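Treat the numbers as computed from the prediction; the structure is a model and nothing was measured.
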Amino acid sequence: MHLVLVHGYLAPKAAMWPLARRLQRRGHTCDIFGWASQWGDLEREASRLVKRIEAHHGPRAIVAHSLGGVLAHKALEHST
């Protein structure tokens, strides 16, 4: 399955690397979505996340931490 990993508030994109490596060893493909959690516009970031998710066809899921989960919910509201 293709997984889009979304970090939480104040965390860098690199914080998701250990999880991505573990998931890849189990056969998943991972895409880490980096976003400006501290100063970014949530609506704009949600639109970016939707584009990233929709770029992959087939089974996919979002794995999010903390405020990344809020962003994921916002993105799902905007998805088609």
Side-chain angles (χ1 to χ4, degrees):
M1 177 174 291
H2 181 79
L3 304 173
V4 178
L5 309 180
V6 183
H7 64 81
Y9 183 65
L10 297 180
K13 180 178 176 178
M16 300 303 273
W17 290 347
L19 177 59
R21 282 192 296 270
R22 285 182 177 173
L23 291 167
Q24 287 169 343
R25 283 195 299 262
R26 288 172 173 78
H28 301 285
T29 59
C30 296
D31 182 14
I32 302 173
F33 181 77
W35 64 290
S37 64
Q38 186 173 7
W39 60 86
D41 176 79
L42 198 61
E43 293 293 328
R44 182 176 54 87
E45 297 293 350
S47 294
R48 285 184 53 233
L49 180 54
V50 167
K51 289 176 187 172
R52 181 75 63 90
I53 294 165
E54 291 178 347
H56 300 279
H57 302 288
R60 56 194 181 239
I62 302 170
V63 178
H65 177 260
S66 185
L67 190 59
V70 174
L71 178 63
H73 279 276
K74 182 65 73 177
L76 291 174
E77 290 175 3
H78 294 287
S79 68
T80 56

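- Val63 is not connected to Ile53 by any chain of hydrophobic side-chain contacts under 4.5 Å among Ile, Leu, Val, Met, Phe, Trp and Tyr, and they are in different clusters.
- Looking only at distances, a side-chain donor or acceptor of Arg26 sits under 3.5 Å from a matching main-chain atom of Arg22.
- Hydrophobic cluster membership differs between Met16 and Ile62, with clusters built from Ile, Leu, Val, Met, Phe, Trp and Tyr side chains linked at under 4.5 angstrom.
- Taking every heavy atom of both residues into account, Gly34 and Arg48 meet most closely at O-NH2, 3.3 Å.
- Residues Leu49 and Ala75 approach most closely at CD2-CB, 3.7 Å, considering heavy atoms.
- What you find for Cys30 and Ala20 is that their closest heavy atoms are SG-O, 3.8 Å.
- Of the inter-residue distances, the one linking Leu3 atom CG with Asp31 atom CG reads 10.0 Å to the nearest 0.5 angstrom.
- In this structure, the ring-ring contact (aromatic ring centres under 6.0 Å, His included) partners of His2, at least two apart in sequence or on a different chain, are His56.
- In this structure, Lys13 has no salt bridge (Lys or Arg N to Asp or Glu O under 4.0 Å) partners at least two apart in sequence or on a different chain.
- Judged as a side-chain contact (heavy atoms from CB on, under 4.5 Å), and not counting sequence neighbours, His73 has no contacts.
- Not counting sequence neighbours, the partners of Lys74 by the side-chain contact (heavy atoms from CB on, under 4.5 Å) test are Leu42, Glu43, Ala46, Glu77, His78.
- Applying the side-chain hydrogen bond (donor to acceptor under 3.5 Å, both in side chains) test to pairs two or more places apart or on separate chains, none has a residue in residues 57-68.
- In terms of heavy atoms, Ser37 sits closest to Ala11 at OG-N, 4.4 Å.
- Listed by chain and number, the residues in a side-chain contact (heavy atoms from CB on, under 4.5 Å) with Ala14 are Trp17 (sequence neighbours excluded).
- Note on Leu10: it clusters hydrophobically with Leu71, by side-chain heavy-atom contacts below 4.5 Å among ILVMFWY residues.
- At least one side-chain heavy atom of Trp35 sits less than 4.5 Å from a side-chain heavy atom of Leu67.
- The two residues Phe33 and His7 have their closest heavy-atom pair at O-CD2, 3.5 Å.
- Hydrophobic clustering of Ile, Leu, Val, Met, Phe, Trp and Tyr side chains at less than 4.5 Å, counting indirect connections, keeps Leu23 apart from Val4.
- Leu19 is not connected to Val6 by any chain of hydrophobic side-chain contacts under 4.5 Å among Ile, Leu, Val, Met, Phe, Trp and Tyr, and they are in different clusters.
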